[in-house]
Number of protein chains: 2
Amino acid sequence: MTATKVTLKDVAARAGVSYQTVSKVLNGEMQVAPETMERIQAAVQELGYRPNRIARNMRAGRSFMIGYSWTQTEPGQVNHILDQFLSSMVREAGVVGYYVLPFPFHEGKAQIETYRDLIRSGNVDGFVLSSVNYNDPRIQFLLKQKFPFVAFGRSNPDWDFAWVDIDGAAGTRQAVEYLIGRGHRRIAILAWPEDSRVGNDRLQGYLEAMQAAHIAPEPGYVLRGEGTFEVGRAMTLHLLDLPAERRPTAIMALNDTMAIGAMAAARERGVTIGTDLAIIGFDDAPMAQYLFPPLSSVRQPIAEAGRKCVELLVALVEGREPEPRHVLLQPSLIIRASS
Amino acid sequence: MTATKVTLKDVAARAGVSYQTVSKVLNGEMQVAPETMERIQAAVQELGYRPNRIARNMRAGRSFMIGYSWTQTEPGQVNHILDQFLSSMVREAGVVGYYVLPFPFHEGKAQIETYRDLIRSGNVDGFVLSSVNYNDPRIQFLLKQKFPFVAFGRSNPDWDFAWVDIDGAAGTRQAVEYLIGRGHRRIAILAWPEDSRVGNDRLQGYLEAMQAAHIAPEPGYVLRGEGTFEVGRAMTLHLLDLPAERRPTAIMALNDTMAIGAMAAARERGVTIGTDLAIIGFDDAPMAQYLFPPLSSVRQPIAEAGRKCVELLVALVEGREPEPRHVLLQPSLIIRASS
DNA sequence: ATGATAAAGGCGAACGTTCGCCTAGAAAGA
DNA sequence: TCTTTCTAGGCGAACGTTCGCCTTTATCAT
């Protein structure tokens, strides 16, 4: 039916005014006689006019697009984050007249080239970065280019840029405090390699909680490795094979996948989870509640983070100083039968 | 540094030709003297020129964007599909010069309005639909508008449109055949409500496999309900509480969430999964391998589906007839300890 | 009556491309 | 020598907006 695109000129012709007038009226930039107003609105309705976004962007000299790219998880890993994070960004962006543009993730040098190309071709007005780590080359590049971006996650402390993050230390601290409150003293932590900023943050919360409770940190209780099921399982087997007086009574894992590995190890050693050994994970993966026993975990306000990223970025893009420039969101501890 | 946008005119000025000539040379639509060619290429390099995508689209009268929207899962549900599906679409689209535009999902009448707006504003050249079901209003609308789209999933048989789907019946059939091969005769299925096209497809595979093995379909073995943990658990409790001679020895669930509910029920009744009761799920959720015991499941080639959707859609958008017009991908059975 | 002011709306230009047609000069054929 | 045919490249126009400035007519105070 209305197959052909309807433009300002079509509306103008029908309303009997110039097309520029229609534009101004629709944008509320002009006073017109009430009857003219009505004629224009009627024409818009009848023809089903919508401003052409491309032409509008062309004129505006920008794209009203937010670039976003994510590291695809290996098969077998979950990205339960993406759905919530992206959905909330898309929604929030829509409210303020933007869209989110997902683009392919590339490793290595090609990655920066991708960002450069998107900037040069005018494809995006700004970026949201995720999977941020120390010395992130994207941050380095975008700072140098003075191109607007918001990082979901922190990086080097001496770099100044807008970020949104979840307070990983607070999450772990809360969990460990809970364990201490339940009488645990021998609490081990399954941590990540030292080059992980997120891992170090979360580990920090453990150290703080232990110190606050005046529990001397047993050196062998901080284990580091990749955050996989296998690593979590192996670490836990090692812990459970310690002599009885040094064997931990609780294990904090920096993500649920490791926690599930820990659960498998406990099962193998005939240790009852929840009574003999408390286990708490991090992320509150959707499956956590269905495990046996259901896994306690630290839940992150992902949707809120997505909203905030967009909010800060749009401010930057439009030349306003975002207030505040850094957002640290609080996770919450979800207690289930595993602890 | 190169903060200001560099345009064709900048390149042209530096190369000493008209900007239209630069355009044609870069698009390979014109023969020029080798030295001119070199000068142009040098200028492009030195200035870091990239064609402005908005202007290009403006001229082309289209957006080179593929609209995509998905139903956000309730908290507690997993969307492990999204990561793979979207990533593969984005990648494939990039290869052929398109981007994927995610837009907010709306329920009810507002949904069609969203699609209509995207079309009228020239925001997208076509759509990929997911979560398709019978009588899908989006399909109805887009067919009437003659606007290009590809559905990931089938709908009413008498509607003619391009789709990509995963052969759910084949997946279930394979799984049930496997169970029969292992000697099971009393096989129950945790199915979905009758208004689910996907659910009916998958159920069909069960019926076919049973019939092919000449196993009379026990009426009480086909249970229907929402695909949640709780429903799966309740159905399984019911099955396990049947008198011994009618109690099933195997359960096929139409998704992993129900299968996990079934596992919980078995545990509650002291039934050993894998020996006393075989359980097979569907989807091969990332967690399936880490459950206890690891859950057998039907894995779907999601990334391949995403690629195919884009491939078909781009053909439609560019006026070619996609060949073939329907793609039915085969899932594969992953056997683990639960069966 | 006269000039100032406001209200209502018109008009040209520009954003950065691509497309189609045109032209100047050189080479080639008659 | 004159016409034709290439070759290399130029030029105007258009896509659909928005923006700034201008014009016309009516209104008002002096």
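Here the structure is a predicted model, which is why all the values come from computation and not from measurement.
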From [atom1] of [X] over to [atom2] of [N], roughly how many Å is that when rounded to an integer?
X	N	atom1	atom2	value
B/R120	D/dG16	CZ	P	16 Å
A/Y19	C/dA8	OH	P	22 Å
A/E29	D/dC21	CD	P	14 Å
A/N123	C/dT17	CG	C1'	14 Å
B/Q31	C/dA27	CD	P	17 Å
B/R53	C/dT18	CZ	P	12 Å
B/M37	D/dT7	CE	C1'	15 Å
B/L8	D/dA14	CG	C1'	16 Å

Looking only at the side chain of [X] (C-beta and beyond, no hydrogens), which of the listed nucleotides [options] gets closest?
X	options	value
B/S18	D/dT17, C/dA8, D/dG10	D/dG10
B/A55	C/dG16, C/dC19, D/dG16	C/dG16
A/K24	C/dG9, D/dT18, C/dG10	C/dG10
B/M30	C/dC11, D/dT17, D/dG10	D/dG10

Contact nearer the 5' end of DNA chain C, comparing B/N52 with A/G16:
A/G16
Validation row, ring centre [X] to ring centre [Y] under 6.0 Å:
X	Y	value
A/F161	A/F149	yes
B/Y115	B/F141	no
B/F85	B/F152	yes
B/F127	B/F147	yes

Between B/Y134 and B/S196, do the side chains contain an N or O donor and an N or O acceptor separated by less than 3.5 Å?
no
Donor on one side chain, acceptor on other, A/W70 and B/D83, under 3.5 Å
yes
Toward the 5' end of DNA chain D, which comes first, B/A33 or A/N27, by nearest nucleotide?
B/A33
Please check the phosphate of [N] (OP1 and OP2 only) for any side-chain N or O of [X] closer than 4.0 Å.
X	N	result
B/Y49	C/dT17	yes
A/S23	D/dT17	no
B/T36	D/dG9	yes
B/T21	D/dG10	yes

Nearest heavy-atom approach of B/L101 to A/V100 is CD1-O, 4.1 Å
Identify the heavy atoms of A/N133 and A/D195 that sit nearest to each other, and give their distance.
ND2-O, 3.0 Å
Which residues, if any, of residues 57-66 of chain A bring a heavy atom under 4.0 Å of DNA chain D?
A/M58, A/R59
With hydrogens left out and only the distance checked, is there a donor-acceptor pair under 3.5 Å joining A/Q20's side chain and the base of C/dG9?
no
